[in-house]
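A quick write-up on the structure given underneath.
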Amino acid sequence: MALDLLKQQRDGLIFSMYNEVFAAVDLCVLFHFVALGLLDQQFDQLLALQDADSPGFIEEVIKLFCQESERTLGELSKHLSQPVVDYTKIDAYVHQLKGSSASVGAQLVKLACMNFRQACEENDKEGCMLALNMINNEYYRIRSKFETMIQLEQRILAYSTKHQ
């Protein structure tokens, strides 16, 4: 019974991440609301890869995503603080972050990266700073949800192991 409740909590959390609404910045830097969830169907594909033989798969993928994202966000902040901005280098970091976000289904981070890349193409430092702020907000929001999900996964695994 406790195992079923833990699984229901985890599934409810994941469901909520598909249905959150966010305010996005469009390419003209005008705010509008877009009904998108934190996650897209790519996350479903990751969930499908986790099985009894690899119970920590999702946790490992999420931790790698978070470690790499935080390193990349630090690099972006560092490069944007320079008096002369190398937009080509910044764009390469944003492209990498966009790819890793897409691979875990973090669609709001991915969309914020798309706005950032547009600002890079325009050599718009202020636009890049705004886009980085949006990426940071969306990244830390999904990271918090991922941390809760991992805690639930660990509890489910511990309970399952204990009661076999």
Validation row: [X], [Y] side chains within 4.5 angstrom (heavy atoms):
| X | Y | result |
| --- | --- | --- |
| V104 | L46 | yes |
| R10 | I156 | yes |
| F43 | V61 | no |
| Y139 | S101 | no |
| C128 | D124 | no |
| M149 | K145 | no |

Check the pair L108 / R141 against side chain to side chain contact (heavy atoms under 4.5 Å, CB included), numbers first and verdict last. CA-CA 10 Å; L108 299 186; R141 191 160 68 125; 3.1 Å; yes

Testing the 3.5 Å rule here: is there a donor-acceptor pair between the side chains of Q151 and E147?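 No.
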
Polar contact flag, side-chain donor to acceptor under 3.5 angstrom, E121-Y87: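 Absent: no donor and acceptor within the cut-off.
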
Can you name the closest pair of heavy atoms from [X] and [Y] and give their distance?
| X | Y | value |
| --- | --- | --- |
| S54 | L49 | OG-O, 3.7 Å |
| N115 | A131 | C-CB, 4.2 Å |
| R143 | C66 | CG-SG, 3.7 Å |
| K125 | P83 | NZ-O, 4.4 Å |
| I58 | Q50 | N-OE1, 2.8 Å |

Are the side chain of [X] and the backbone of [Y] linked by a donor-acceptor contact shorter than 3.5 Å?
| X | Y | value |
| --- | --- | --- |
| N133 | M129 | no |
| Q107 | L38 | no |
| S100 | L97 | yes |

Only counting residues at least two apart or in another chain, list the ones meeting side-chain contact (heavy atoms from CB on, under 4.5 Å) with H95.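 side-chain contact (heavy atoms from CB on, under 4.5 Å) check on H95 returns R117.
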
Does F116 belong to the same Ile/Leu/Val/Met/Phe/Trp/Tyr cluster as Y140, with side-chain heavy atoms less than 4.5 Å apart forming each link?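 Yes, same cluster.
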
Passes salt bridge (Lys or Arg N to Asp or Glu O under 4.0 Å), K110 versus E138? Steps please. CA-CA 9 Å; K110 178 183 75 174; E138 295 304 332; over 6 Å; no

Has R155 got more than 12 heavy atoms of other residues, nucleotides or ligands less than 6.0 Å from its CZ?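 No, the 6.0 Å shell around CZ holds no more than 12 heavy atoms from other groups.
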
Partners of K63 by salt bridge (charged side-chain N to carboxylate O under 4.0 Å, His left out), sequence neighbours excluded?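 K63 satisfies salt bridge (charged side-chain N to carboxylate O under 4.0 Å, His left out) with E59 once adjacent residues are dropped.
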
Please list, chain by chain and in numerical order, all residues satisfying salt bridge (charged side-chain N to carboxylate O under 4.0 Å, His left out) with K98, sequence neighbours excluded.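 In terms of salt bridge (charged side-chain N to carboxylate O under 4.0 Å, His left out), with neighbours along the sequence ignored, K98 is linked to no residue.
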
With side chain to side chain contact (heavy atoms under 4.5 Å, CB included) as the test, would you mind laying out the steps for K78 and Y93 before giving the verdict? CA-CA 12 Å; K78 180 178 82 175; Y93 282 115; over 6 Å; no

